[in-house]
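Heavy-atom basis, side chains included; hydrogens, waters and symmetry copies ignored. In this text, all values refer to a predicted model and were calculated from it rather than measured experimentally.
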Amino acid sequence: MLPLRAQIYLRVGMNDGFIIPLNGLTTGQHEYRWKVGKEFFESFENSEILDAELNISAVAEKSGRYLGIDCDVEGVVTVECDRCLDELEMPVEVEIRLSVKYGEEESSDEHHEGEREVVFIPETDAEFDMSQIIYDYVCLDLPMQRVHEDGGCNPEAMKRLSSGPAPETGDEDTENNPFSALKDMFK
């Protein structure tokens with residue numbers, strides 16, 4: 001039998017939530033695997049992510065009062081293209097490195113230990129819910145501008161975008177327009 005520190009426990013679940021139990025967590029590494037779909041983002045009332053197919057693996061390492069969590073998120077999410085409004089699949093590859101500390105949050109603004117983000121939880125918490133952290137990291141991984149690669153947008157939408165502004169309809173619109181007096185200003 002392997003020493004206690006070398007034992008790895010594997011939990012695979014979809015309906016367990018994204019919970020890492022703190023009470024009774026033995027010293028060593030504990031592995032968790034979850035799948036994330038569209039329902040996960042709907043539960044956060046996120047309307048930007050239309051669909052998702054993400055695999056999450058987390059390793060929680062406990063040693064005394066130290067708890068480190070290394071979490072990897074990989075897969076794709078479907079969002080709306082900013083240019084043509086068609087669906088667009090975006091790859092997601094996120095590494096989450098956390099150090100969990102018990103007690104009150106310290107007053108310093110720096111909450112990092114090396115490459116790890118420090119998360120403070122009350123001493124009374126029996127579980128650590130990773131769902132908000134996973135949601136935040138996935139959303140932050142998405143680029144600000146989400147567009148298809150060149151030539152990948154809907155051709156019909158691109159035709160409409162490149163056709164330019166609608167032509168003027170006639171003199172009666174310019175008479176009712178309060179800015180019509182300014183139209184010849186720069187001629």
Does the side chain of Glu127 reach to within under 4.5 Å of the side chain of Leu22, using non-hydrogen atoms?
no

Working note: Arg116 + Asp70, criterion side chain to side chain contact (heavy atoms under 4.5 Å, CB included); need CA distance, chi angles, decisive distance, verdict.
CA-CA 9 Å; Arg116 293 184 169 280; Asp70 294 339; 2.6 Å; yes

Between His148 and Glu87, what is the shortest heavy-atom contact and its length?
NE2-O, 3.2 Å

Just by distance, do the side chain of Trp34 and the backbone of Gly17 share a donor-acceptor pair under 3.5 Å?
yes

Using the ring of each side chain (for Trp, its six-membered ring), is Phe44 parallel, tilted or perpendicular to Phe40, with breaks at 30° and 60°?
perpendicular

Would you check if Val77 and Leu50 make a side-chain contact, meaning some heavy-atom pair closer than 4.5 Å?
no

Carefully, step by step, assess Tyr135 and Asn46 under the rule side chain to side chain donor-acceptor pair (under 3.5 Å).
CA-CA 10 Å; Tyr135 172 80; Asn46 183 313; 3.0 Å; yes

Locate the shortest heavy-atom distance separating Ile134 from Ile96; write the atom from each residue and the value.
CA-CD1, 4.3 Å

May I ask you to test the Cys71-Ile56 pair for a side-chain heavy-atom distance under 4.5 Å?
yes

Nearest 0.5 Å, what's the CG-NZ distance between Leu67 and Lys62?
7.5 Å

State yes or no: do Leu85 and Ile49 share one hydrophobic cluster built from I, L, V, M, F, W and Y residues joined by side-chain heavy-atom distances below 4.5 Å, directly or via other members?
no

Using the rule side chain to side chain donor-acceptor pair (under 3.5 Å), only one of Gln132, Glu117, Glu95 pairs with Tyr137; which is it?
Glu117

State the SG-CD distance between Cys139 and Glu48, to the nearest 0.5 angstrom.
7.0 Å

Short N-O contact, Asp72 and Arg33, less than 4.0 angstrom
no

Could you grab the distance from atom SG of Cys81 to atom CD of Glu149, nearest 0.5 Å is fine?
11.0 Å

With rounding to the nearest 0.5 Å, note down the distance linking OH in Tyr32 to CD1 in Ile19.
10.5 Å

Any salt bridge linking Glu53 with Lys35? Criterion: basic side-chain nitrogen under 4.0 Å from a carboxylate oxygen.
no

In the structure I gave you, are the side-chain heavy atoms of Ser99 and Tyr66 within less than 4.5 Å of one another anywhere?
yes

Expected output: side-chain Lys101 to main-chain Phe120 donor-acceptor under 3.5 Å
no

If we only count heavy atoms from C-beta on, is the Val76 to Val92 side-chain gap below 4.5 Å?
no

Euclidean distance, Arg146 CZ relative to Leu88 CG, rounded to 0.5 Å
9.0 Å

So which heavy atom on Ala52 is nearest to which on Phe41, and how close?
CB-CE1, 3.5 Å

Are Val147 and Val79 linked, directly or through other ILVMFWY residues, by side chains that come within less than 4.5 angstrom of each other?
no

Least distance between heavy atoms, Asp125 atom then Asn23 atom
O-OD1, 4.3 Å

State, with a plain yes or no, whether a side-chain heavy atom of Ile20 is found less than 4.5 Å away from one of Met130.
yes

For Glu123, which residues count as a side chain to side chain donor-acceptor pair (under 3.5 Å) partner, sequence neighbours excluded?
Arg65

Minimum heavy-atom separation for His30 to Thr26, with atom names?
NE2-O, 2.7 Å

Is there a chain of hydrophobic side chains (I, L, V, M, F, W, Y, each step under 4.5 Å between heavy atoms) that links Val59 to Leu25?
no

Nearest 0.5 Å please: distance from the CD atom of Gln29 over to the CD atom of Glu61.
5.0 Å

Minimum heavy-atom separation for Glu93 to Asp141, with atom names?
N-OD2, 3.6 Å

